[in-house]
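Data block below; observations after.
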Amino acid sequence: MIENKKKIFFGRSKSRALSKSKIFFYENHKKDFLVNFEEIKLIKNRDFVLEIGFGLGENLLFQASTFPKDYFIGIDPFINGVANVIQKAKESKLNNISIIDVPVQKVIDNFLDNFFSKVFVLFPDPWMKNKQKKRRLLNYLFLEKILKKMKNKSTLIFATDDQDYFNYVVKEISLLKKKTDIFEYILSNRHPIVDTKYSNKASKLKKDIYFLNLDK
Ligand SMILES: C[S@@+](CC[C@H](N)C(=O)[O-])C[C@H]1O[C@@H](n2cnc3c(N)ncnc32)[C@H](O)[C@@H]1O
């Protein structure tokens with residue numbers, strides 16, 4: 001079999017060196033937080049919420065503490081963020097978060113169809129240069145895939161401060177809408193999110209933030 005070695009992750013898996021306490025939590029507790037696909041299939045009567053590219057985990061931690069009855073899965077290969085989530089979740093005794101530290105494209109097929117009741121994609125890398133735009137996470141094919149994994153009456157919440165990426169996603173969604181009628185979308189946000197590193201950056205630079213909610 002020919003292995004598909006196409007590069008799918010273009011971000012940094014590590015930025016600055018981890019503090020001693022982060023290294024401690026990362027090394028000693030990461031395994032407690034890794035998603036166990038067999039176990040989550042057995043969890044009944046809980047809503048599953050996914051955050052793709054959670055960064056430092058501000059929104060993931062906020063959602064998990066605000067909605068303790070729901071179960072949160074965060075996917076991001078960024079080690080500093082993974083270590084931060086593990087430390088904060090452990091210190092706050094949150095037991096409704098699991099993480100996956102590989103690119104989402106590698107694991108999305110492992111989830112059951114009609115599984116998530118909410119999906120957050122907040123400030124994904126905008127890849128602004130023309131040559132790089134094909135790296136953008138939210139494109140036609142990925143949106144089609146993620147919709148399959150979303151339950152009926154679920155929502156994907158997308159936020160960006162990059163107008164070109166926003167317009168690109170709206171265009172991809174309009175194309176998808178011609179193929180399937182299973183979703184509607186509005187260009188605003190009805191779901192609470194918390195400030196993140198990248199929303200703060202946008203606010204500091206007085207940039208507009210664009211929201212899109214896609215309802216299945
Ligand atoms: C610009 S940052 C935004 C982080 C955070 N959502 C925020 O608002 O501060 C984008 C994040 O997406 C993650 N990322 C990039 N490609 C990814 C992929 N293929 N799968 C999962 N996460 C990804 C990066 O590691 C990074 O943490």
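Side chains are part of it too, since the values below use all heavy atoms of this structure and drop only hydrogens, waters and symmetry mates. Whatever order the structure lists them in is the order used to number ligands and atoms, beginning at 1. Here, residue 1 is the first one in the sequence, and each next residue gets the next number.
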Which pair of heavy atoms, one from [X] and one from [Y], lies closest together, and at what distance?
| X | Y | answer |
| --- | --- | --- |
| Lys216 | Lys148 | NZ-O, 3.9 Å |
| Tyr168 | Leu138 | CE2-O, 3.3 Å |
| Phe166 | Leu187 | CZ-CD2, 3.9 Å |
| Lys90 | Phe33 | CD-CE1, 4.0 Å |

Cationic tip of Lys118 above Phe67 ring, under 6.0 Å, 45° of axis:
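Yes, Lys118 sits over the ring of Phe67.
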Whether the Lys197 and Asn200 side chains hold a donor-acceptor pair (N or O, under 3.5 Å, no angle test) is what I'd like checked.
no
Output for ligand 1, non-hydrogen cut-off under 4.0 Å, lists Phe9, Gly53, Phe54, Gly55, Ile75, Asp76, Pro77, Phe78, Pro103, Val104, Gln105, Leu122, Phe123, Asp125, Thr196, Lys197, Tyr198
